[in-house]
Peer 1: 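The structure is given below, and queries will be raised subsequently.
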Amino acid sequence: MTDTAGPAGTAHEALPLLIIDGANVVGSVPDGWWRDRRGAAERLRDRLVPFARTGAGGMTGPLELVLVLEGAARGVASVPGVRVEEASGSGDDRIVEIAATAGERPCLVVTADRGLRRRVEELGARVTGPRAVQS
């Protein structure tokens, strides 16, 4: 398995970029996530690991997979295959910042948030809904 959780400047920068709107994806399934937001984010992170290898949303792997978390979900560690980025403020703003760094490589953002969709599409990213990473 390719470790895409490495620091900037490593080979992962040549991989397609998959950015996950953690709050939006977790919130798309009414499974009690609101009782333990950090635990729900950890479970999502762990479910995402295979997608770094196999791909998602029509994007084939391997991928650089970035999970963006905010608020009470912060404090979740990165694991091989999934880099966790914590938003100090708005998760949407952090996702836009990361998408802006994609350069020429393909970038796909997983969210159902219409405002965020518009913002990242203006940067050239493609967007798909949370079902793309739900197993």
Side-chain angles (χ1 to χ4, degrees):
M1 177 170 84
T2 302
D3 180 359
T4 60
T10 59
H12 79 272
E13 289 183 347
L15 299 174
L17 177 60
L18 177 62
I19 306 169
I20 309 295
D21 180 350
N24 193 266
V25 173
V26 165
S28 70
V29 178
D31 61 358
W33 59 264
W34 51 89
R35 291 188 293 270
D36 180 10
R37 292 172 193 249
R38 184 171 176 216
E42 288 173 336
R43 289 188 299 277
L44 172 60
R45 177 207 55 204
D46 295 345
R47 285 194 316 268
L48 292 172
V49 170
F51 293 109
R53 225 179 14 259
T54 62
M59 186 179 275
T60 57
L63 308 171
E64 177 188 3
L65 197 152
V66 180
L67 172 62
V68 177
L69 300 175
E70 62 187 329
R74 289 192 304 241
V76 173
S78 295
V79 296
V82 179
R83 186 177 90 224
V84 176
E85 288 279 334
E86 294 184 349
S88 58
S90 162
D92 290 3
D93 290 346
R94 185 68 186 122
I95 290 166
V96 170
E97 290 171 0
I98 296 167
T101 69
E104 297 297 316
R105 64 187 171 144
C107 178
L108 178 65
V109 176
V110 177
T111 188
D113 181 309
R114 289 183 189 189
L116 177 58
R117 292 174 77 98
R118 180 189 47 76
R119 291 173 67 192
V120 297
E121 285 172 340
E122 288 173 357
L123 295 170
R126 289 188 314 111
V127 180
T128 191
R131 288 185 185 158
V133 293
Q134 293 171 338
S135 47

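In this text the structure is predicted, and so the values were computed from the model without any measurement.
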Peer 1: Taking all non-hydrogen atoms of both residues into account, name the closest pair between G22 and L69 and its distance.
Peer 2: CA-CD2, 4.0 Å
Peer 1: To the nearest 0.5 Å, what is the distance between CZ on R105 and CG on L63?
Peer 2: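 These two atoms lie 10.0 Å from each other.
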Peer 1: Does the side chain of T111 reach to within under 4.5 Å of the side chain of I95, using non-hydrogen atoms?
Peer 2: no
Peer 1: Can you name the nearest heavy-atom pair linking V82 to L67, along with the distance?
Peer 2: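 Looking at all heavy atoms of both residues, the closest pair is CG1-CB, 4.0 Å.
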Peer 1: Partners of E122 by salt bridge (charged side-chain N to carboxylate O under 4.0 Å, His left out), sequence neighbours excluded?
Peer 2: R118
Peer 1: What distance separates L123 CG from R119 CZ, expressed to the nearest 0.5 Å?
Peer 2: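 The distance works out to 8.5 Å.
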Peer 1: Given the rule that I, L, V, M, F, W and Y join up when any side-chain heavy atoms are under 4.5 Å apart, are V68 and F51 in one cluster?
Peer 2: no
Peer 1: Looking at T54 and G61, would you say the former's side chain and the latter's main chain have a donor-acceptor pair under 3.5 Å?
Peer 2: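 Checked: no pair found.
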Peer 1: Tell me the closest heavy-atom pair linking V133 and V25, and the distance in Å.
Peer 2: CG2-CG1, 4.0 Å
Peer 1: Excluding sequence neighbours, so at least two apart, what forms side chain to side chain donor-acceptor pair (under 3.5 Å) with R94?
Peer 2: E85, E97
Peer 1: Can you tell if the side chain of R37 reaches within under 4.5 Å of the side chain of V26, non-hydrogen atoms only?
Peer 2: no
Peer 1: State, to 0.1 Å, how close V109 and A125 come at their nearest heavy-atom pair, and which atoms those are.
Peer 2: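 Between these two residues, the closest heavy atoms are CG2-CB, 4.3 Å.
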Peer 1: Given the rule that I, L, V, M, F, W and Y join up when any side-chain heavy atoms are under 4.5 Å apart, are L65 and V76 in one cluster?
Peer 2: yes
Peer 1: Would a distance-only check, ignoring hydrogens and angles, find a side-chain to backbone donor-acceptor pair under 3.5 Å from E86 to G75?
Peer 2: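 Present.
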Peer 1: Working to the nearest 0.5 Å, report the span between CZ of R117 and CG of D92.
Peer 2: 12.5 Å
Peer 1: Looking only at heavy atoms, what is the nearest atom pair of C107 and I19, with distance?
Peer 2: SG-CD1, 3.8 Å
Peer 1: Would you say L48 ends up clustered with W33 if hydrophobic residues are merged whenever their side chains have heavy atoms under 4.5 Å apart, either directly or through other cluster members?
Peer 2: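 Yes; L48 is reachable from W33 via cluster members.
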Peer 1: Calculate, to the nearest 0.5 Å, the distance between atoms CG and CG belonging to D21 and D113 respectively.
Peer 2: 6.5 Å
Peer 1: What distance separates R47 CZ from I20 CD1, expressed to the nearest 0.5 Å?
Peer 2: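 If I round to the nearest 0.5 Å, the distance is 11.0 Å.
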Peer 1: Is there a chain of hydrophobic side chains (I, L, V, M, F, W, Y, each step under 4.5 Å between heavy atoms) that links V49 to V66?
Peer 2: no
Peer 1: I want to check something: taking the side chain as every heavy atom from C-beta on, are M59 and L17 in contact at a cut-off of under 4.5 Å?
Peer 2: no
Peer 1: Please walk me through it: do V127 and L108 pass side-chain contact (heavy atoms from CB on, under 4.5 Å)?
Peer 2: CA-CA 5 Å; V127 180; L108 178 65; 5.5 Å; no
Peer 1: Taking all non-hydrogen atoms of both residues into account, name the closest pair between A132 and A56 and its distance.
Peer 2: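 Taking A132 first and A56 second, the nearest heavy atoms are O-CB, 3.8 Å.
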